[in-house]
Amino acid sequence: MSFRPTCHPVQGTDQRSPLNVIVDGTAMVARAGDTILSFLLRERGALRKTEFGDGSRLRAGFCAMGACQDCWVSLSDGRRVRACSTLVEQGMHFVTGLDNGAH
Amino acid sequence: MSNVYPISVLRSKPRICIVGGGIVGSAAAFFLAAAGCPVTLLERDTIGSKASGVNFGGVRRHARHPGELPLSIKSHRIWVKLEELIGHDCDLETPGHLKLALGEEEMAPLEAWLPVGREHGLDARLLSARELAELYPWLAPGLAGASYCAGDGFANPRLVAPGFARAAREAGALIREGCPVSAIEKGLCGWVVRPEEGGEVVADIVINATGAWATTIRMDFSAPVSPAPAAPQMFVTEPMPMRIMPVLGLVSGDIYLRQSVRGNIIFGGGRGKISADGWRSSPGETPFREVPAIMRRLIPDLGQALIIRSWTGIEGHTPDGLPVIGACPDQDGLFQAWGFSGHGFQMGPGVGQCLSELVLTGKTDIDLSAFDPTRFAHAAARTGGGIH
Amino acid sequence: MAHTETRPLCVAIVGAGPAGLRAASTLVKAGLRPILINEAPEPGGQIYRRPPKALLLFRSAKDLYGADSHRASALDSAFDDMKERIDYRPSTSVWNATRRNDGRVRLHLCDASGEVDTLDCDKVVLATGAMDRIVPLPGWTEPGVWSLGGAQVMLKAQAQFVGRNPVFAGSGPLLYLVAWQYMKAGATPAAVIDASTFSAKLRAVPAMLARSAVAFRGLRMAVALRRRGILVLEGCHAERIDTTPTGFLVSWAGEQGSGDISGDAVAIGHGLKPEQQLAELLGCRLHFDPGAGQWLVETDRDGRASVPGVYLAGDMAMIRGAHAAETAGELSALAVLADAGLAPAYDGVRRIRLRRSMKRQDLFRKGLEAAFPFPSNRIENLPDETTVCRCEGVTAGDLRKAVAHWQPADVNRLKAMTRCGMGRCQSRLCGETAAALLAAGSGRDRSEVGFVRSQIPVKPLPIPARERETQR
């Protein structure tokens, strides 16, 4: 078993309305108010595999404020969205290119 | 066929001064320095900063004007052995070049060129609409056809001129950046090249390889034509997972496109702006509005790829779109090599080699008559009811 | 055509943080209808970033903004008051700015749907804020490693801890602030690794007394962290981040010796750096500020840049924090009015007061610079394997080799030869490190190797979904 980074809701998420989304073909539940970054990090531990460099090449954002451009993900319709500054919407379908479970 | 130009060689290894450090000047500097000549190259900014270093990077013989083919083919032979020559292959890739006809009427020029290309030994063929769809399923449907030439491709433009300049330096050439030239004068013992900062470089041979600025340097004679500057606009996307091979172009020229080995799609089209003083270019709005849309129509699967950068360079155009290469008959020892009109990158190494051959032996194996510097003067005289 | 009595002055403000909001409200008070362009869906910038509405139910202003909650609320109210009287463009980014031949400024916009458009104005106030200033270290690109600002935004705007036991490393006021905020919200920081030494902070005390309340607050945070038993290491650097089966292991070294700290997240940062691309694209002059150790856009004391019609306010001009940003926003708006001949007489009095306030802010800023100097020597000693350009995967070793091989005259040349800075972030995270490596490798000062020139689009632009006809 290896370490999987995540983020931890300060107050739990149960009180926020659920949003049904799909991640790489699998149905999942996000919460109203989640950015794509928060959701994918919490559930998957990573957002994408970066194209270049050493190490795991897994990436999960960095600056959370739309500056580092490391959190761009694709939707199934080809749209590119910046995960840290885009809210999850009902029905979104993410294509991450990660193996299931990230690690 | 050989061309003989009268040159007076005062020394067995003439002193060379090259003005302009693009691919042409840098390649010439390398070949001449490697042959043992004392070479000084003066570049006003940094090597390759105006056109050679910032262009599309296409290395193509395909679909060239027939007058350019011998030179282009000679140059190609240098491209494929760059590593051996200058120690770096400059990321050359040769997936071939595909020139697309959007409509039936655009097939005619491709059909007309094919026998010419084959005559020169190129491995080219036509593709029908059906063949296009089979070979390149990522292309939008509805294209009329294409011409394909094997062995063409692309390189990293940022590395080439600096690569040649570095190799020239190692062969003993003096390369000076940040050194604009104000005048080229005839002196008692050869040519005198005057940098703006002062001092002088005395040489037996001067090569004017200053691109769009070819006639901005004060010279004692007037040039038959001045290059018209243009600022083609380039774009690059984030790295894309799909593979697009080969290098793409349109008969219309509205877009040219390639995918780098790292996955970025580099494409160009339209023109940006040139500053009032003529030295700087910047991207314009119209290409931003039009060219990415052309790309999306051509390759629908690109979806909404992110454009991460756009830039321009400045190139010099001649009235007939062919470069000016060679000596002016009454200017013994002065050579012109500019006006590549947006398609000089691939020919640069070949031009450099030709220039070194002309300087050292008085002749070269390439027919350069299409590039005669005096051709515009002749044309003007003919049409203007001149003196002959 | 210049503005006349018949065509009112058109002013655009880029950025809706404290500087942009104050600039807007000042112009509204003067009877103008400015255009306020906000990249985010809600105003407040980063410091006063509003969580999405679905989260607001669970957070109070005090929770979110702590000691500055009254300022945040005041700005909130100011925005609500003026919303109907401005041309507000949320979720719209400005990816290019150019000067027209008639002297007006053209902003190039991209809205939420990806539509590209242009907007012409007589004057532009740039208030685009700042981002974390990063010194890379081995392991910094792994998931779970954040910037300090990123860790703060996750807490503030998403009500998420990046970890229950994060390791905070770097320097600057933000280091202590974020660690303290995490502690207050219920996390247990594993450690605070502060590159700045106690003696540097001590030397800076006189300057920092220019804003004693703020300085005292900072001190209280450090004390509170220590009291909670959280390890605070002054004069120490994080050297590398390794991932273990159970989390991160951060190796550190410095005045306190050396060691390893375990945590489930890491947040790094050495202060902030301005987002100044639009000013640069407009042709504004920059100079190297030795105190800040950064290239900054030149402005006069009211925020006028070297290009007429361009005004700068807030952290994008100089890192001075949120209070100073509000002051700068107002000053720049008053400068706009004065330059357009629209300023009423009493503005002069107000301006004097604001300038005095800025002087105090500047003194405090100099104190901060002295207390938390940027650790350029860290960059010189980066292990070769350290990823410098995380977009393109270029390491410190790659850069050092290229510096030796090509001997580039400036950092733009180094970028061309290595691809460092050619990725999606356009050198935001790597440009300064690349310049420092070039300076070190060529025996020059950082001020002599230039800065990575901004190129367009300032942020990645999707290939337009549709093209729109532009009105001129």
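Treat the numbers as computed from the prediction; the structure is a model and nothing was measured. Residue numbers start from 1 in every chain, and the chains themselves are labelled A, B, ... in the order their sequence lines are given, proteins ahead of strands.
- If you measure heavy-atom distances from C:L148 to chain A, you find no contacts under 4.5 Å at all.
- Counting non-hydrogen atoms of other residues, nucleotides and ligands closer than 6.0 Å to CD of A:Q90 gives a total above 12.
- Proximity of A:Q69 to C:C391: side-chain heavy atoms (C-beta onward) are nowhere separated by under 4.5 Å.
- Within the 4.5 angstrom heavy-atom criterion, only side-chain atoms of C:E39, from C-beta onward, approach chain A.
- Contact of C:E392 with chain A is made through backbone and side chain together, with heavy-atom distances under 4.5 Å.
- Atom-to-atom distance recorded for C:E385:CD and A:D54:CG is 9.0 Å, nearest 0.5 angstrom.
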Residues C:R424, A:D70; criterion side-chain contact (heavy atoms from CB on, under 4.5 Å); working and verdict: CA-CA 8 Å; C:R424 294 180 182 94; A:D70 212 17; 5.7 Å; no
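- With a threshold of 4.5 angstrom between heavy atoms, C:E275 approaches chain A through side-chain atoms but not through N, CA, C or O.
- Side-chain contact between A:C68 and C:R428 is absent, with no heavy atoms from C-beta onward closer than 4.5 Å.
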Pair A:C63-C:M131, side-chain contact (heavy atoms from CB on, under 4.5 Å): steps then yes or no: CA-CA 8 Å; A:C63 76; C:M131 58 175 285; 5.6 Å; no
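- Close approach to chain A, defined as a heavy atom under 4.5 Å from one of its heavy atoms, is seen in C:Q158, C:A159, C:Q160, C:F161, C:V162, C:G163, C:R164 of residues 158-168 of chain C, taken by number.
- The candidate with the highest count of non-hydrogen atom pairs below 4.5 Å against chain C, out of A:T6, A:D34, A:L41, is A:D34.
- Proximity to chain C at a heavy-atom threshold of 4.5 Å picks out A:R80, A:R82, A:C84, A:L87 from residues 80-88 of chain A, in numerical order.
- At a 4.5 Å heavy-atom cutoff, the contact between C:R390 and chain A is made by backbone and side-chain atoms alike.
- Proximity to chain C (any heavy atom under 4.5 Å) is shown, for A:L47, by neither the backbone nor the side chain.
- Per-residue counts of heavy-atom pairs under 4.5 Å with chain C were compared for A:A60, A:G53, A:S17; the largest is that of A:A60.
- Here the rule is side-chain contact (heavy atoms from CB on, under 4.5 Å) with A:F3, and of C:T244, C:T246, C:T243 only C:T243 fits it.
- When heavy atoms are compared at a cutoff of 4.5 Å, A:R79 does not approach chain C at all.
- Among all heavy-atom pairs drawn from C:P143 and A:G45, the shortest one is CB-O, 3.6 Å.
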